[in-house]
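Some notes on the structure that comes next.
Bear in mind the structure is a predicted one, so any value in this text is a computation, not a measurement.
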Amino acid sequence: MMCTAKKCGIRFQPPAIILIYENEMKGKSRQRIMPVRNFSKFSDCSRAAEQLKNNPRHKDYLEQVSLRQLEKLFSFLRGYLWGQSLAETMEQIQRETTLDPEEDLNKLDDKELAKRKSIMDELFEKNQKKKDDPNFVYDIEVEFPQDEQLQSCGWDTESADEF
């Protein structure tokens, strides 16, 4: 089935992921409601998103929807189940998805580190300039101002024959 995802959202009662897509063969916009079953306020959002995306019934429709977006929708649902307002849930998701440059990533466990790396990869993809972009310039040369005298490091001043 050839379809293009247009919008993806969540319904809280009864819990469901709603996808608005366009059928490329007929050119019609359609809506698909995918019920969320066995999800509680203690459930893992990333695992639930993976299960929904890999479900054979929904796989073709969710092909263009990113796993990160599905995780975010499940986070909204979990926040609703905890009794949080939409603003509180959005603030919590914002805190979880922004990177702190002062944070020591060496102290994180593997799961949190993988999460931070995926956020970095997504940010890189978003900011990357590709050949097709209108502002793309090949081989940019930049002169950096040298306000201070360059400091030399001790490790590169010794000759190579001392080794």
Side-chain angles (χ1 to χ4, degrees), residues 1-137 140 142 144:
M1 163 155 302
M2 299 294 290
C3 63
T4 305
K6 297 293 182 185
K7 294 181 184 178
C8 191
I10 191 152
R11 180 178 68 191
F12 294 121
Q13 277 306 18
I17 301 288
I18 300 175
L19 178 71
I20 297 175
Y21 65 96
E22 187 174 300
N23 188 335
E24 292 181 2
M25 302 295 257
K26 298 179 182 176
K28 289 185 176 181
S29 288
R30 316 237 27 207
Q31 176 177 315
R32 183 170 183 88
I33 299 174
M34 297 165 267
V36 176
R37 295 186 178 93
N38 302 325
F39 188 82
S40 71
K41 59 185 178 182
F42 303 109
S43 297
D44 184 13
C45 295
S46 58
R47 186 169 164 217
E50 283 180 35
Q51 286 177 344
L52 184 68
K53 193 164 174 89
N54 294 330
N55 187 325
R57 296 185 75 178
H58 309 303
K59 194 173 193 171
D60 293 337
Y61 299 97
L62 293 174
E63 191 174 309
Q64 295 177 340
V65 179
S66 71
L67 192 61
R68 166 98 38 231
Q69 185 176 3
L70 288 174
E71 287 177 16
K72 201 179 264 190
L73 292 174
F74 277 107
S75 296
F76 277 114
L77 179 60
R78 187 175 61 190
Y80 172 80
L81 294 173
W82 274 104
Q84 294 178 335
S85 69
L86 200 56
E88 291 172 334
T89 306
M90 286 178 67
E91 184 180 315
Q92 179 183 357
I93 291 171
Q94 185 68 29
R95 273 185 277 133
E96 290 174 357
T97 58
T98 49
L99 295 172
D100 179 18
E102 301 299 319
E103 182 179 25
D104 188 4
L105 299 178
N106 291 323
K107 295 180 180 176
L108 296 176
D109 61 348
D110 290 341
K111 188 175 182 180
E112 282 296 315
L113 183 62
K115 191 183 221 182
R116 297 290 195 288
K117 283 185 176 183
S118 69
I119 292 170
M120 287 184 217
D121 289 341
E122 187 176 301
L123 189 62
F124 174 77
E125 290 292 327
K126 183 176 137 185
N127 293 331
Q128 182 182 19
K129 290 196 178 189
K130 300 177 181 130
K131 290 182 181 180
D132 303 340
D133 292 341
N135 297 337
F136 178 77
V137 178
I140 297 175
V142 178
F144 293 101

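Contact of the Q128 side chain with the K130 side chain is registered, since non-hydrogen atoms from C-beta on lie closer than 4.5 Å. Here the side chains of Q84 and K41 are not in contact, with every heavy-atom distance at 4.5 Å or above. Using a 4.5 Å heavy-atom threshold, the side chains of E103 and L108 count as touching. At a threshold of 4.5 Å between non-hydrogen side-chain atoms, the residues F74 and S46 do not count as touching. Side-chain contact check for M120 versus L105: some heavy-atom pair is nearer than 4.5 Å. Between W82 and T89, every side-chain heavy-atom pair lies at or beyond the 4.5 Å cut-off.
Under the 4.0 Å criterion applied to side-chain N and carboxylate O atoms, R47 and E50 are not assigned as salt-bridge partners. We find that R116 and E112 are joined by a salt bridge, their nearest charged nitrogen and carboxylate oxygen being less than 4.0 Å apart.
Residues S40 and L81 share a closest heavy-atom pair of C-CD1, 3.7 Å. Residues C8 and I17 approach most closely at SG-CG2, 3.8 Å, considering heavy atoms.
Screening K115, K111, R78 for a salt bridge (charged side-chain N to carboxylate O under 4.0 Å, His left out) with D44, the sole residue that qualifies is K111.
Interatomic distance, CE of M90 versus NZ of K72, reported as 8.5 Å (0.5 Å rounding). Atoms CG and CD, on N54 and Q51 in that order, are 8.5 Å from each other to the nearest 0.5 Å.
Not one N or O on the side chain of K131 forms a donor-acceptor pair closer than 3.5 Å with the backbone of F136.
Residue E63 places its CD atom among 12 or fewer non-hydrogen atoms of other residues, nucleotides or ligands, all under 6.0 Å distant. Heavy atoms from other residues, nucleotides or ligands lying under 6.0 Å from CG of D104 number more than 12.
Using cut-offs of 30° and 60° on the angle between ring planes, the pair Y80 and F12 is parallel.
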